[in-house]
Amino acid sequence: MKKKVLVVGSGGREHAIVDALSRSPQVGTIYCAPGNAGIATQAECVAIKDTDVKGLLEFAKSKDIDLTVVGPEAALAVGIADEFRAAGLSIFGHSKAAARIETSKEFAKVIMEKYNVPTAAYKSFSEYEEALAYVLARPFPAVLKYDGLAAGKGVVIAQDAAEATEALKDMLLDTRFGKGKVVVEDYLEGPEFSFMCFADGNRIWPMPLAQDHKRAFDGDKGPNTGGMGAYSPLPFITEEDKAFAVKNVLQAVADGMVAEGCPLKGVLYGGLMKTAQGVKVIEFNARFGDPETEVVLPLLKSDIYDIFSAVANGTTCAEPEWSNESILGIVLASKGYPGSYQKGFPIVIDPEIDAHIYHMGTAVDSNCNLVTAGGRVIMAVCKGSDIKDARAKANVAADLIKCENLFHRKDIGWQIK
Ligand code: AMP
Ligand code: GLY
């Protein structure tokens, strides 16, 4: 009997997961909750919200789902994995306690300190006056991180006292982010990169490295976004850097989480920086990165169902095999993103396009047109003989996605000349 899989989420990351699962000979039906218009071409979309744990659990039971794979952290943060496991269902995703490695900046910092994982020195505050006095007594820029889930918007790099004061007011006095704490940390410099691994307790299986581009516009200008494009491999990260990060970051955290009684069971994502003093952690996520997943999973040569079920069920699995091809993806986002934007603009994809297309925020309207339905809308991913070739191909592909309300960066992978 072929396996029935439920993927939870609705973005480009989930499209890439569904796409990888669709390559598995073991997998029969793939459901995705809630999915999007692109995912609907490869899976059966069901209209259940990703944080509706009760609804998802009932659905999984009613369909005899063999394995559930969780995309977004929001679902982990409300305890989807705990509830599925308590009901005896197989699920790829961390417990609520383990997901704190992403959902609480302070928890992540405590784990890093305790298990000697290299990261910026920090201090955490819940009182505005204390935080401000500390920040004003230190050199700028100041790195201020809101402690809690803030969808990538809770980090402010304040260049001067005025910016720091405003940010601290927002984080500690206003209710915009809710009531919380602020982690103030040293400012680090160097290229950033994303290092993800599958993690099941102490076992980890590293994935190929990727680099995201967080700023909205070319030249790394404009506001911070969820990510405007990504590529792999990264020639500026050496095998030594990688080996260091596997041992001192990914494995150290996986071991630490076991020791803390909240073992990992999903993806550990290290947002890392190669500083002059070596590789250091900027942040952790408890899930696949988006848009990194869209350039990493197409490189997987092994059957992803074997990996997901090995992690979910604690069973054995051969070391995953990866292609070392060059790959690059460009995100097309709604004009105005990451601020406010309008939805419902028709998208026409030229049939001549030669790219993997992952939908991030699309829908089909009442006239059966493909339309924009989110901030990040669609991603064009191309492989090439090297990064420059992949970039050239992805830029051609991005231009073949026609929509009056989309914009995209043209310089993804600019660090590769
Ligand atoms: P995060 O949400 O923690 O990934 O932070 C968003 C962005 O802020 C990161 O991708 C970095 O570019 C920047 N950032 C965060 N922490 C630091 C730091 N300690 N030093 C320099 N830049 C940082
Ligand atoms: N691309 C960054 C993230 O997934 O958080």
Nearest heavy-atom neighbours spanning [X] and [Y]:
X: Ala199; Y: Val311; result: O-CG1, 3.5 Å
X: Val143; Y: Lys145; result: CG1-CE, 3.9 Å
X: Ser124; Y: Lys181; result: OG-CD, 4.3 Å
X: Gly413; Y: Tyr231; result: CA-CE2, 3.4 Å
X: Ala167; Y: Leu144; result: CB-CD1, 3.8 Å
X: Phe407; Y: Ser334; result: CE2-O, 3.3 Å

Side-chain contact test, heavy atoms from C-beta onward, threshold under 4.5 Å: evaluate it for [X] versus [Y] and give yes or no.
X: Met379; Y: Leu332; result: no
X: Met171; Y: Val156; result: yes
X: Phe217; Y: Pro223; result: yes
X: Thr29; Y: Val5; result: no
X: Ile91; Y: Val70; result: yes
X: Val279; Y: Pro118; result: no
X: Tyr337; Y: Met228; result: yes
X: Val8; Y: Ile80; result: yes

Between [X] and [Y], is there a side-chain N and carboxylate O pair less than 4.0 Å apart?
X: Asp200; Y: Lys265; result: yes
X: Asp411; Y: Arg409; result: yes
X: Asp66; Y: Lys2; result: no
X: Lys214; Y: Glu283; result: yes
X: Lys123; Y: Glu185; result: no
X: Asp241; Y: Lys274; result: yes
X: Arg138; Y: Asp186; result: yes

Applying side-chain hydrogen bond (donor to acceptor under 3.5 Å, both in side chains), run through Ser326 and Asp386 and close with a yes or a no. CA-CA 5 Å; Ser326 295; Asp386 57 21; over 6 Å; no
Using the side-chain hydrogen bond (donor to acceptor under 3.5 Å, both in side chains) definition, which of the options Glu292, Glu73, Arg287, Glu102 pairs with Tyr269? Glu292
Across all chains, not counting sequence neighbours, the side chain to side chain contact (heavy atoms under 4.5 Å, CB included) partners of Asp399 are His408
Residues forming a side chain to side chain contact (heavy atoms under 4.5 Å, CB included) with Glu404, sequence neighbours excluded: Phe345
Are Arg100 and Phe107 in a cation-pi contact, defined as NZ or CZ under 6.0 Å from the six-membered ring centre and within 45° of the axis? yes
Check the side chains of [Y] and [X] for a donor-acceptor pair under 3.5 angstrom, ignoring hydrogens and angles.
X: Asn405; Y: Gln342; result: no
X: Asp255; Y: Tyr115; result: no
X: Gln415; Y: Gln211; result: yes
X: Asn313; Y: Ser309; result: no
X: Ser24; Y: Asp303; result: yes

Only one of Asn395, Val295, Ile387 passes side chain to side chain contact (heavy atoms under 4.5 Å, CB included) with Leu328; say which it is. Ile387
Applying the side chain to side chain contact (heavy atoms under 4.5 Å, CB included) criterion to Phe193, which one of Ile237, Ile282, Asp212 satisfies it? Ile237
From CA spacing to verdict: side-chain contact (heavy atoms from CB on, under 4.5 Å), Val117, Asn248: CA-CA 6 Å; Val117 177; Asn248 297 286; over 6 Å; no
Measuring from atom CG of Asn324 to atom NZ of Lys301, what distance do you get when rounded to the nearest 0.5 angstrom? 7.5 Å
Taking it one step at a time, do Glu294 and His356 satisfy side-chain hydrogen bond (donor to acceptor under 3.5 Å, both in side chains)? CA-CA 9 Å; Glu294 294 91 311; His356 284 271; over 6 Å; no
Trace of the side-chain contact (heavy atoms from CB on, under 4.5 Å) decision for Lys402 with Asp350: CA-CA 8 Å; Lys402 306 285 184 200; Asp350 191 315; 5.7 Å; no
Please indicate whether Lys335 has more than 12 foreign heavy atoms, meaning atoms of other residues, nucleotides or ligands, lying under 6.0 Å from its NZ. yes
Assess the residue pair Val184 and Tyr134 against the criterion (side-chain contact (heavy atoms from CB on, under 4.5 Å)); give the C-alpha distance rounded to whole Å, side-chain angles, the decisive distance to 0.1 Å, and a yes or no. CA-CA 9 Å; Val184 180; Tyr134 178 77; 3.7 Å; yes
Under the side-chain contact (heavy atoms from CB on, under 4.5 Å) criterion, do Gln159 and Phe140 qualify, and how do the steps go? CA-CA 6 Å; Gln159 299 298 334; Phe140 285 96; 5.9 Å; no
Would you sort out whether Glu325 and Ser323 count as a side-chain hydrogen bond (donor to acceptor under 3.5 Å, both in side chains), showing the intermediate values? CA-CA 6 Å; Glu325 288 164 295; Ser323 151; 2.6 Å; yes
Decide side-chain hydrogen bond (donor to acceptor under 3.5 Å, both in side chains) for Gln26 and Asp306; before the verdict, give the C-alpha distance in whole Å, the side-chain angles of both, and the deciding distance to 0.1 Å. CA-CA 9 Å; Gln26 301 173 69; Asp306 286 337; 2.8 Å; yes
Please verify the inter-ring angle class for Phe288 with Phe198; under 30° counts as parallel, over 60° as perpendicular, anything in between as tilted. perpendicular
